[in-house]
A.B. asks: 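Pasting in a structure now, in structure tokens, and then I'll have a few things to ask.
On a predicted model such as this, the values are computed, not experimentally measured, just so you know. In the text below, chain A, chain B and the rest are named by the order of the sequence lines, each starting its count at 1.
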Amino acid sequence: MKISKLIIFLIIFIYLIVCAYGADGPGGPSGNNAGSSGSSSGGKHIVKLNLDDMVENAKKWKQQDPDKFDEFKELLHIPFIPPNEYKTPTVFIYYPENETEISRNDKLTIYASIANDNPAEVRSDLYLWLEVKKPNSNNFTRIDSQRVVLTNEYNERNASSRCWSCTPFDDSGEIGNVSFRIGFNDMHHTYYTDTMYSKRYPDGYHKGNFHNELELELINFPPELDDGNMKVSPSLARYNDPIKYQVQVVDADEDLINVTLHVIDDQGREHDNATQMVKSGTNLTFIANEYGFFAEDDSGKNFSYYYSYDDGVASKTSTNKTGPQLLSSPKIWVSNPTAVPEDKNNYWWQNYRFHLKVKNPDMDNLTIELYTNTPNHPEKFQKSTTIDASEELKEVSFDVKPFDVSDADHNFSYYFKYSAPDQDSRYYTPFVFGGAINPKIIKYPMSSPIIWINVVIPLLIVLMAGILIERRFYR
Amino acid sequence: MIIIDQAYSLLTNIYSNQVGTGLFLFLLLMGLGSHRLYIRKVYEMVVQTSNGSQISKKGLLDNMFKPQGSIFSATIISAWILVFVAFAYYYFLTSHFFPSYNYFRVESLASSPLGFLFFGIMVSIPSGLVSAFLPKAYCYYEISREMKILMMSTIPVLMTSIFISAYQGTIFPHYNLELRTMAFLALFASQVTLLWPIYKGAWEVTR
């Protein structure tokens with residue numbers, strides 16, 4: 001009997017132990033139990049929470065069941081009831097400047113003027129911050145850091161002040177009306193100066209330099225670029241030369257100016273562009289080969305350019321200017337253009353031999369043309385020839401009769417044109433002065449039979465005419 | 001020597017463009033005026049000595065008309081044509097005298113192989129039209145044989161003037177002053193010689 005009682009007791013004891021391990025304790029964490037410690041007492045499992053667990057759980061509750069969380073919050077909230085004699089501090093904006101127009105780079109100094117008539121033992125610390133409503137915005141945003149006025153930081157007239165010195169619009173892309181207000185918290189409530197006095201001052205409070213809401217106008221002067229100062233040098237250059245584009249831009253507001261150089265090709269298309277951010281008054285330089293504007297393929301082309309520039313608010317564009325003209329890459333070398341007349345008299349009817357030394361290592365079918373120039377026959381084509389590539393220096397000659405009688409008594413010059421760029425990246429030589437053409441007009445001397453024929457025949461005709469007229473009219 | 005230089009300077013002034021052409025025209029007009037004066041004076045004299053009988057001018061001219069010979073007439077026609085041709089060669093071939101009006105302005109034509117021939121023919125045609133009837137005037141004058149020979153000898157003189165002017169054209173823009181003076185004198189002397197019987201006739205009837 002004793003044995004059966006003992007067995008029954010053991011069974012009940014084991015059952016109670018199993019039941020105690022299978023139960024959850026009240027208020028236990030729903031997720032992570034790490035860091036918690038538990039103990040059993042009287043058959044209940046008790047979970048102890050530390051502060052970290054509590055915070056973690058609160059975050060989860062807020063996400064998982066916001067309504068329940070709000071209810072939980074209200075349960076925890078213990079409203080502060082200030083003493084009956086407590087008065088809300090008076091805070092206004094003090095803006096010492098009279099000018100209501102500001103630019104984006106202006107450094108603004110704005111004060112909070114505070115009056116706290118509460119006795120020292122009732123006062124509480126005051127936390128203040130400055131807020132601004134930017135152009136085309138409906139919301140105030142906090143700028144700069146919070147200021148604190150401790151209970152003992154008031155003067156004998158129970159007044160104090162705090163200052164913000166800042167440039168709140170230096171990154172603003174818009175202009176227009178802006179508003180400032182001060183928000184503050186006296187450890188009891190949060191107030192905003194633009195709304196807290198609306199009953200007392202429905203139209204706002206503006207006395208002298210004191211405001212409940214400070215309204216200013218943010219303005220902008222657009223940047224200016226003098227088109228006459230735009231220059232590109234050298235205007236005639238090779239593609240890899242350090243071609244400089246120079247210009248000066250100024251901004252009355254001292255805003256940073258975003259300047260973009262647009263390089264335009266000879267088809268009017270944008271070939272390349274580059275941007276620099278500069279201060280007002282900076283002599284701005286874009287060096288073409290640093291930006292890689294031009295490649296060898298661009299040789300021989302004419303480019304133009306213009307600038308677009310803005311200060312973040314206003315955008316402007318300069319006029320289009322020509323330049324640079326890129327020289328072609330040399331393919332041939334020419335030298336020593338000469339003209340030798342048939343004899344030293346330089347008569348118009350003579351033959352002249354024109355020479356040009358050419359080294360043409362690359363180009364087959366290089367065409368070379370001769371042109372002469374006189375007042376009556378400007379840039380007259382004379383003759384052309386074609387030569388093939390050769391490593392040797394060749395002398396190209398033209399034996400021509402370049403002038404007519406109208407060129408007599410005038411100076412002449414000449415030049416050569418060729419179908420490939422020379423060492424100066426030109427397709428022609430400069431004009432070479434050839435000398436004066438002899439003024440003599442008649443090329444036949446008096447001793448020439450042709451002159452005798454010219455003179456004698458009319459004389460014979462006259463004599464014959466005398467005989468014929470006499471026979472016809474005098475007999 | 002100074003006198004010679006001054007005379008030469010005066011001469012070069014005379015044959016300069018305006019004076020020379022003015023003198024040429026003056027001599028021609030004076031010849032025309034002398035001829036008219038001669039005819040008028042002869043007619044008046046005949047009327048005075050006719051004892052009141054009616055004498056027509058045409059009848060008088062018909063009676064006065066006396067052919068001077070075919071060789072003389074042909075030669076004088078040629079001589080007068082040559083006077084005008086020599087005048088044109090002298091003044092209007094090169095640009096020395098009239099820079100704006102001269103044959104060398106048409107330089108391509110002037111410098112062509114037959115440029116001078118063309119100029120000579122172009123001048124000869126109007127000269128021939130003018131000269132064709134000039135010798136008729138000589139038929140109203142008494143011209144001695146010596147004078148006729150002298151007048152006919154103007155042809156080689158005028159040809160010389162033309163050759164000299166042509167030579168000046170071939171060396172243009174240079175020129176030979178002595179030859180140029182010679183050409184002018186040849187032209188001037190020939191013109192005076194050809195007009196001399198007319199001047200003389202007028203002088204005699206008005207004396």
A.B. asks: Other residues, nucleotides and ligands only: do more than 12 of their heavy atoms fall within 6.0 Å of CE on Met122(B)?
C.D. replies: no

A.B. asks: Would you mind telling me which of Gly120(B), Gly169(B), Ser73(B), Pro173(B) has the largest number of heavy-atom pairs within less than 4.5 Å of chain A?
C.D. replies: Pro173(B)

A.B. asks: Name the option with the most non-hydrogen atom pairs under 4.5 Å to chain B; the candidates are Ile461(A), Ile441(A), Ile450(A).
C.D. replies: Ile441(A)

A.B. asks: Just so I understand: if I count every heavy-atom pair under 4.5 Å between each of Phe118(B), Phe104(B), Trp80(B) and chain A, which residue has the most?
C.D. replies: Phe104(B)

A.B. asks: Under 4.5 Å from any heavy atom of chain B, what part of Leu463(A) do you find: side chain, backbone, both or neither?
C.D. replies: both

A.B. asks: Using atom types as modelled and distance alone, determine if a side-chain donor or acceptor of Asp407(A) lies under 3.5 Å from a backbone N or O of Thr374(A).
C.D. replies: no

A.B. asks: What part of Phe133(B) gets within 4.5 angstrom of chain A, counting heavy atoms only: side chain, backbone, both, or neither?
C.D. replies: both

A.B. asks: Please list all pairs meeting salt bridge (Lys or Arg N to Asp or Glu O under 4.0 Å) that have one or both residues in residues 448-470 of chain A, counting only residues at least two apart or in different chains.
C.D. replies: Glu470(A)-Arg475(A)

A.B. asks: Quick check: under 4.5 Å, non-hydrogen atoms only, which of residues 327-359 of chain A neighbour chain B?
C.D. replies: Trp348(A)

A.B. asks: Counting neighbours of CE on Met45(B) that are heavy atoms of other residues, nucleotides or ligands and sit closer than 6.0 Å, is the number greater than 12?
C.D. replies: no

A.B. asks: What residue, out of Ser131(B), Ser124(B), Pro113(B), Cys139(B), has the most heavy-atom pairs lying under 4.5 Å from chain A?
C.D. replies: Pro113(B)

A.B. asks: Are Asp298(A) and Lys301(A) within salt-bridge range, i.e. N to O under 4.0 Å?
C.D. replies: yes

A.B. asks: Does any heavy atom of chain A fall under 4.5 Å from the side chain of Pro67(B), the backbone, both, or neither of them?
C.D. replies: neither

A.B. asks: Would the distance check show the side chain of Tyr38(B) and the main-chain N or O of Tyr140(B) forming a donor-acceptor pair, the cut-off being under 3.5 Å?
C.D. replies: yes

A.B. asks: With a 6.0 Å cut-off (strictly less than), is the heavy-atom count around CZ of Phe381(A), excluding the residue itself, greater than 12?
C.D. replies: yes

A.B. asks: Under 4.5 Å from any heavy atom of chain B, what part of Ile467(A) do you find: side chain, backbone, both or neither?
C.D. replies: both

A.B. asks: Which region of Thr94(B), side chain (C-beta onward) or backbone (N, CA, C, O), has a non-hydrogen atom less than 4.5 Å from a non-hydrogen atom of chain A, or is it both or neither?
C.D. replies: neither

A.B. asks: Pairs in or reaching into residues 55-69 of chain B: which pass salt bridge (Lys or Arg N to Asp or Glu O under 4.0 Å), with residues at least two apart or in two chains?
C.D. replies: Lys58(B)-Asp62(B), Lys66(B)-Glu142(B)

A.B. asks: Are any non-hydrogen side-chain atoms of Phe87(B) and Leu187(B) less than 4.5 angstrom apart?
C.D. replies: yes

A.B. asks: Apply the test side-chain hydrogen bond (donor to acceptor under 3.5 Å, both in side chains) to residues Asp404(A) and Ser406(A): give CA-CA distance (whole Å), side-chain angles for both, the deciding distance (0.1 Å), then the verdict.
C.D. replies: CA-CA 5 Å; Asp404(A) 66 23; Ser406(A) 65; 2.5 Å; yes

A.B. asks: Using a 3.5 Å cut-off and no angle test, enumerate the donor-acceptor pairs between side-chain atoms of residues 154-163 of chain B and protein atoms at least two apart in sequence or in another chain.
C.D. replies:
residue   : atom : partner   : partner atom : Å
Thr154(B) : OG1  : Met151(B) : O            : 2.6
Thr160(B) : OG1  : Pro156(B) : O            : 2.7
Ser161(B) : OG   : Ala183(B) : O            : 3.1

A.B. asks: Between Arg472(A), Lys443(A), Met446(A), Arg471(A), who has the most heavy-atom pairs with chain B when the cutoff is under 4.5 Å?
C.D. replies: Met446(A)

